[in-house]
4 protein chains.
Amino acid sequence: MTDFIVPDLRITPREGGYARGQEGFEQILHAALEILVEEGSKALTLRRIAAACGMKAGNLAYYFPSKDELLRELLNAIISSYEQAFDVIVHDPAADAEQRLKRLVTLVLEDIRSKKTTRVFPELWAMSNHDPFVQERVHELYERARVAINELIAEINPRLPVEERELVALFISGSMEGMTMFAGYGKPFESRMPALEQIAVKSFIHLIGSLEPGEIELPRGI
Amino acid sequence: MTDFIVPDLRITPREGGYARGQEGFEQILHAALEILVEEGSKALTLRRIAAACGMKAGNLAYYFPSKDELLRELLNAIISSYEQAFDVIVHDPAADAEQRLKRLVTLVLEDIRSKKTTRVFPELWAMSNHDPFVQERVHELYERARVAINELIAEINPRLPVEERELVALFISGSMEGMTMFAGYGKPFESRMPALEQIAVKSFIHLIGSLEPGEIELPRGI
Amino acid sequence: MTDFIVPDLRITPREGGYARGQEGFEQILHAALEILVEEGSKALTLRRIAAACGMKAGNLAYYFPSKDELLRELLNAIISSYEQAFDVIVHDPAADAEQRLKRLVTLVLEDIRSKKTTRVFPELWAMSNHDPFVQERVHELYERARVAINELIAEINPRLPVEERELVALFISGSMEGMTMFAGYGKPFESRMPALEQIAVKSFIHLIGSLEPGEIELPRGI
Amino acid sequence: MTDFIVPDLRITPREGGYARGQEGFEQILHAALEILVEEGSKALTLRRIAAACGMKAGNLAYYFPSKDELLRELLNAIISSYEQAFDVIVHDPAADAEQRLKRLVTLVLEDIRSKKTTRVFPELWAMSNHDPFVQERVHELYERARVAINELIAEINPRLPVEERELVALFISGSMEGMTMFAGYGKPFESRMPALEQIAVKSFIHLIGSLEPGEIELPRGI
DNA sequence: AATGAATGAGCGTTCATTCAT
DNA sequence: TATGAATGAACGCTCATTCAT
């Protein structure tokens with residue numbers, strides 16, 4: 001169960017440069033993540049990041065041409081870390097599809113309890129409302145999550161047409177994300193997450209299994 | 001169906017409404033909300049708010065002792081507007097409990113499609129991670145929502161113990177909120193919200209009806 | 001002779017505001033001019049200007065939306081001051097045209113000896129090479145100067161066609177400006193300016209009087 | 001006529017040409033000149049110069065101990081290039097003195113139309129107002145020019161005392177320089193330069209020939 | 001009620017420079 | 001020779017805030 005650990009950041013190594021440079025690069029992104037998690041996006045200033053690295057602000061410009069670029073790299077590294085974790089689950093040669101779904105739900109909800117996830121995702125959601133880059137990148141992440149869920153649904157209830165499967169996957173993914181604000185790290189129902197996991201698993205599995213093809217009225221057009 | 005309109009803001013008249021004009025007070029909060037919705041929290045500066053009111057920044061000090069206070073009043077008015085709306089639903093003298101639940105789910109999910117809700121709630125969630133005042137106020141809002149759901153669950157499945165009812169209400173509430181990032185205003189699946197509503201209703205109703213008392217393992221402690 | 005004084009700056013009063021505001025506005029422009037004259041354009045930073053006014057840099061933003069705007073206002077006020085001075089000369093009801101030309105040359109060359117003119121104009125010329133706004137504004141100033149010279153030429157040698165008059169006016173104006181770097185304030189031949197004035201007057205007057213219509217080959221086209 | 005080409009830069013080989021490659025040294029100065037000409041002194045930063053050479057800024061320190069030193073070398077090389085060109089003219093074994101003067105005026109004014117001269121000299125004039133080194137070096141350059149003109153004047157009008165000759169040479173040199181801002185590269189009257197050349201030649205030759213010794217009142221003292 | 005004018009702190013960024021590699 | 005990495009200072013600018021008018 002504890003083998004599902006989303007790494008803090010997944011940083012693509014820079015080409016060239018000394019070892020010290022790669023260190024500094026990663027140090028900056030880790031510091032930025034820490035500040036984002038601990039103090040929120042408003043506190044995410046270059047001076048603060050630099051201070052957290054024991055650097056001067058000017059030196060950040062050496063690693064990142066602009067704050068915007070730093071942020072992009074940070075968000076990318078954050079999101080990549082989740083994508084990487086998802087890939088691990090998907091290729092998990094576990095028992096049957098239902099077991100794998102149970103496992104996926106458990107793992108996602110457990111991850112939501114981590115401080116990083118609880119703190120970072122609401123920031124991403126808020127940013128994505130006004131920043132197309134974030135929107136796009138977040139969208140990609142969830143798309144990958146839905147693909148995984150989708151495959152499990154197809155195994156559990158093969159009669160379900162693809163369109164309905166996708167909707168159910170969307171509903172399941174969203175349902176889980178929605179727990180963040182209530183049972184995430186430091187939230188009032190943090191300790192209730194295990195119970196919520198049981199409810200979620202039971203609910204999702206029944207939903208998948210009970211849906212008849214065509215049962216959901218799909219609005220045509222747009 | 002369209003009678004469920006969350007008012008933009010619910011502004012409680014200033015206690016001891018002396019001096020400070022109620023009019024300017026409300027104008028400022030509405031301008032602030034609009035900026036928050038349209039441009040995000042980063043753009044929510046006093047200068048911008050003042051400009052949107054046709055005022056100069058200095059004059060805001062007449063109405064609010066500080067930006068922080070203005071923000072508190074704004075968030076409070078936003079959250080109050082939702083609370084007010086919830087009260088309306090709860091006292092809806094509709095048919096049976098299941099019908100009322102269906103209606104509640106529909107109304108909540110429809111509201112999530114509104115630009116205001118899609119834009120404001122992620123901001124609230126992000127802020128609540130670092131601002132105890134926001135956290136507390138958001139918690140209150142959702143508590144009220146869960147109470148309403150809880151009552152409906154009790155009617156539908158009276159055998160369910162209160163603790164399990166509360167968990168289910170929490171799950172349902174969180175599930176719905178989780179749709180915001182996917183099928184909210186301007187989101188990729190905005191147009192799929194009606195289908196999601198069907199899935200949600202079906203899923204929630206089955207969940208409520210099918211749960212056996214004691215089926216959920218409740219961790220003792222905390 | 002000393003009645004030809006180019007005012008330091010010609011500042012168009014701002015509309016509205018307190019008296020203190022107009023003061024600050026003018027103070028800033030005067031301080032900026034002084035720095036430009038005494039230390040050159042490289043030293044013309046907002047912090048320095050503010051310091052010279054006893055202000056903090058942030059307050060400059062209250063008067064000018066950007067440094068660029070401040071510079072535009074400064075250059076405009078500088079150039080306007082010369083235009084104003086020129087208008088005075090032109091409408092001078094002095095003796096005959098030749099006398100008026102002598103007087104104009106004397107006055108221009110005397111002005112060139114002033115510290116302000118010696119220091120500011122090379123900056124303007126340099127800036128105008130890369131800043132279209134400065135180029136345009138400087139062009140306007142000299143155009144006005146040439147118009148004045150042109151009128152005098154027309155009186156002295158009425159047979160000269162307009163095109164040739166304009167070229168001679170251009171040559172005379174340029175000749176005078178060219179003294180700046182050699183006999184301007186603090187330059188090696190500053191003390192020789194009176195002698196240069198005599199040479200210039202003699203040379204210009206003969207040139208004007210001796211030119212035959214058509215003597216200058218005018219390249220057709222462009 | 002076109003044999004009068006001012007070389008871009010005249011770079012004296014490094015004394016004790018050890019170590020520091022002459023090649024990189026020249027490359028840097030050429031890049032700096034290009035930036036000065038194309039973008040102006042404000043854009044003349046070490047980073048930009050280095051980038052134009054395909055180097056990193058740090059490497060410039062290998063060739064020049066400081067930016068100031070680089071600038072000195074640059075300006076020196078620029079000015080030297082003009083001095084070299086002047087020497088060529090002076091030793092031109094052309095016909096009589098008047099012809100040589102005509103040729104000199106033509107060549108100088110043609111050179112003024114070049115982009116390099118039009119762009120660089122106003123920068124030099126502006127810098128010389130605040131930088132004694134530049135002032136001194138520019139002074140030297142023009143002194144050499146005046147010497148050449150002076151010799152021609154002495155040939156054309158041998159009766160003229162040396163002091164008056166020098167003043168006339170100064171006037172002629174300054175007159176020509178003054179065309180830069182009006183008929184230089186990209187200036188409004190660029191295409192009128194040939195006509196200005198005719199005017200200048202006619203005017204200068206008459207001035208030289210017509211002056212009587214003692215006609216100019218020379219102020220005694222400094 | 002509201003503006004005008006000012007402040008002090010901080011923002012992201014650029015600069016010349018240094019020095020180990 | 002040249003880059004990588006870092007610094008310290010300054011840049012133009014924006015911010016919330018204050019207070020006299």
Side-chain angles (χ1 to χ4, degrees), chain A residues 14 16-25 42 44-50 53-71, chain B residues 19-21 23-25 44-50 53-71, chain C residues 14 16-25 42-50 53-71, chain D residues 19-21 23-25 44-50 53-70:
Chain A
R14 307 190 308 157
Y18 300 167
R20 180 133 155 259
Q22 181 65 24
E23 256 178 58
F25 187 80
K42 209 189 147 181
L44 199 58
T45 71
L46 294 186
R47 276 167 170 78
R48 234 182 233 258
I49 296 170
C53 296
M55 288 178 184
K56 304 295 167 159
N59 198 24
L60 292 194
Y62 174 76
Y63 291 95
F64 303 92
S66 69
K67 186 187 181 185
D68 225 68
E69 206 54 47
L70 190 158
L71 247 56
Chain B
R20 42 185 58 172
E23 199 183 333
F25 187 83
L44 197 59
T45 69
L46 293 187
R47 275 172 161 73
R48 247 188 214 270
I49 297 170
C53 296
M55 290 176 185
K56 299 298 162 100
N59 196 26
L60 293 191
Y62 180 79
Y63 294 95
F64 303 92
S66 72
K67 182 183 180 183
D68 230 65
E69 204 53 47
L70 189 158
L71 246 57
Chain C
R14 305 191 310 158
Y18 301 165
R20 179 134 155 259
Q22 181 66 24
E23 256 178 58
F25 187 81
K42 210 190 147 180
L44 198 59
T45 71
L46 293 187
R47 277 168 171 77
R48 236 180 231 258
I49 296 171
C53 297
M55 290 177 183
K56 304 294 168 160
N59 197 25
L60 292 194
Y62 173 76
Y63 290 96
F64 303 92
S66 70
K67 185 188 179 183
D68 226 69
E69 206 53 48
L70 190 158
L71 248 55
Chain D
R20 42 186 57 172
E23 199 184 334
F25 187 83
L44 196 60
T45 69
L46 293 187
R47 274 171 164 72
R48 247 188 213 269
I49 296 170
C53 296
M55 290 176 184
K56 297 301 162 98
N59 196 26
L60 293 192
Y62 179 80
Y63 294 95
F64 302 92
S66 72
K67 183 184 180 183
D68 229 66
E69 204 52 49
L70 190 158

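A note on names: the letters A, B, ... follow the listed sequences, proteins ahead of strands, and every chain is numbered from 1.
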Query raised in the report: Of all the choices, E:dT3, F:dA5, E:dA5, which nucleotide is nearest to the side chain of A:Tyr62 once you look at every atom?
Result: F:dA5

Query raised in the report: Does OP1 or OP2 of E:dA2 have a side-chain N or O of B:Tyr63 closer than 4.0 Å?
Result: yes

**Report entry** Watson-Crick/G-U partner (both atom distances under 3.5 Å) of E:dA1
**Finding:** none

Query raised in the report: Taking a pair as Watson-Crick or G-U wobble with both distances under 3.5 Å, which nucleotide is matched to E:dT7?
Result: F:dA16

Query raised in the report: How many Å lie between CG on C:Leu60 and P on F:dC13, as a whole number?
Result: 10 Å

Report task. Starting at atom CZ of C:Phe25, determine the distance to atom P of E:dA6, rounded to an integer number of angstrom. Result -> 13 Å

**Report entry** For atom CG of A:Leu70 and atom P of E:dG12, their distance in whole Å
**Finding:** 10 Å

Report summary line: Assign each of B:Gly54 and C:Arg20 the nucleotide of DNA chain E bearing its closest heavy atom; nearer the 5' end lies the nucleotide of B:Gly54

Query raised in the report: What's the CE-C1' distance between B:Met55 and E:dA2, to the nearest Å?
Result: 8 Å

**Report entry** Identity of whatever pairs with E:dT21 - Watson-Crick or G-U, under 3.5 angstrom
**Finding:** F:dA2

Query raised in the report: Looking at CZ of A:Arg47 and NZ of A:Lys56, how far apart are the two atoms once the value is rounded to the nearest 0.5 Å?
Result: 11.0 Å

Report summary line: Heavy-atom nearest pair, A:Arg14 first then A:Gln22, reads N-OE1, 3.1 Å

Report summary line: Assign each of D:Gly24 and A:Gly21 the nucleotide of DNA chain F bearing its closest heavy atom; nearer the 5' end lies the nucleotide of D:Gly24

Report task. Tell me, please, which residues at least two apart from A:Phe64 pass ring-ring contact (aromatic ring centres under 6.0 Å, His included). Result -> A:Phe25

Report task. Sugar-phosphate atoms are those with a prime plus P, OP1 and OP2; base atoms are the rest. Using that split, label each nucleotide of nucleotides 15-21 of chain F B, S or - for protein heavy atoms under 4.0 Å, 5' to 3'. Result -> BBSB--B

Report summary line: Shortest non-hydrogen pair, C:Ala43 vs C:Arg48, comes out as O-CD, 2.9 Å

Query raised in the report: Does A:Arg14 have a side-chain nitrogen or oxygen under 4.0 Å from the phosphate oxygens OP1 or OP2 of F:dA5?
Result: yes

Report task. Report yes if at least one side-chain N or O of C:Lys56 is closer than 4.0 Å to OP1 or OP2 of E:dG8; otherwise report no. Result -> yes

Report summary line: Note: C:Leu46 and C:Lys67 closest approach over all heavy atoms is CD2-CG, 3.8 Å

Query - Heavy-atom closest contact (A:Leu70 atom, A:Leu60 atom, distance) - result: CD1-CD1, 4.4 Å

**Report entry** B:Tyr63 side chain near B:Met55 side chain, heavy-atom distance below 4.5 Å
**Finding:** yes

